[in-house]
Amino acid sequence: MKSLSEILALAPVVPVLIIEDLAQAVPLARALVAGGLYALEVTLRTPAALACIERIAGEVEGCEVGAGTVLNRHMLDAVEKAGARFAVSPGLIESHSFTDSEVPLLPGIATATELMAGLALGYDHFKLFPANIVGGTGALKAFASPFAQAKFCPTGGVTLANAPDYLAQPNVVCVGGSWVAPSDAVKDGDWRRIEDLAREASRLA
Ligand code: 3PG
């Protein structure tokens with residue numbers, strides 16, 4: 001199993017996916033991989049999400065499928081069973097019951113206090129969330145000096161237009177965003193459009 005830092009280094013953007021229909025999971029993942037995005041976050045926001053993770057893990061070569069919106073230990077165990085290679089949560093649970101999982105977790109933080117709690121638990125990679133609301137690149141610059149060991153995947157309000165500013169920060173390893181898989185394109189099965197969006201995102205540096 002790859003480490004979280006290896007997974008987050010696979011591409012500049014981690015697509016945040018909301019998949020309603022299990023039949024969309026494999027073609028969607030293949031379009032994103034064809035476009036050059038290799039770490040995919042399937043959020044646990046639909047009844048199909050766990051089955052989508054299982055399907056992508058089993059059928060799509062060349063990507064690491066992760067689970068997003070993991071809010072508790074029960075969900076973490078479920079995504080591990082489904083074959084997720086990483087997990088993402090919007091916030092930090094201040095408990096070691098999350099850190100002993102086989103599946104590496106990217107916890108969300110929004111403040112220095114949460115960051116300190118996460119570092120104390122042993123995490124070194126964090127999702128800055130919701131990035132645009134909690135200070136954006138200004139917050140990342142402010143965290144860089146006191147928290148030199150912390151690396152970030154800012155997510156929430158990140159777009160093709162502002163992603164380069166985030167990616168230019170030395171403490172940013174990648175960004176997360178839903179813009180590469182718009183809901184109308186997923187619904188319509190417009191995999192060509194999604195592949196093009198992924199390719200554009202994969203060329204960000
Ligand atoms: C989310 O949890 O939905 C992610 O933060 C994605 O945010 P975005 O839709 O602003 O990219």
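Atoms within each ligand, like the ligands themselves, are counted from 1 in listed order.
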Visitor: Quick one, V13 and L204 - any side-chain contact, counting heavy atoms below 4.5 Å?
Guide: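 In short, these two side chains touch, coming nearer than 4.5 Å.
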Visitor: Number the atoms of ligand 1 from 1 as they appear, then name those within less than 4.0 Å of a heavy atom of G177, with their elements.
Guide: 11 (O)
Visitor: Mark up the atoms of ligand 1 that fall under 4.0 Å of a heavy atom belonging to F129, in ascending order.
Guide: 2 (O), 5 (O)
Visitor: Could you identify the single nearest non-hydrogen protein atom to atom 8 (P) of ligand 1 and state the distance to 0.1 Å?
Guide: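 It is S178 OG, 3.4 Å.
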Visitor: With heavy atoms of G156 as the reference, note each atom of ligand 1 found under 4.0 Å away.
Guide: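 Those atoms are 5 (O), 7 (O), 10 (O).
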Visitor: When you compare the side chain of E195 with that of L32, does any pair of heavy atoms fall below 4.5 Å?
Guide: no
Visitor: Do E80 and S101 touch side chain to side chain, with heavy atoms closer than 4.5 Å?
Guide: yes
Visitor: How long is the span from the CG atom in L76 to the CD atom in E102, to the nearest 0.5 Å?
Guide: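 It comes to 10.5 Å.
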Visitor: Consider every N or O of T155 and every N or O of ligand 1, then say whether any pair is closer than 3.5 Å.
Guide: no
Visitor: At what distance is the nearest protein heavy atom to atom 3 (O) of ligand 1, and which residue and atom is it?
Guide: R45 NH1, 3.1 Å
Visitor: Can you tell me how the ring of F143 sits relative to the ring of F152, calling it parallel under 30°, perpendicular over 60° and tilted otherwise?
Guide: parallel
Visitor: Suppose we measure from atom 10 (O) of ligand 1 to each protein heavy atom; which comes out shortest, and what is that distance?
Guide: G157 N, 2.7 Å
Visitor: Just so I know, are the side chains of T69 and S89 near enough to count as touching, which here means a heavy-atom distance under 4.5 Å?
Guide: no
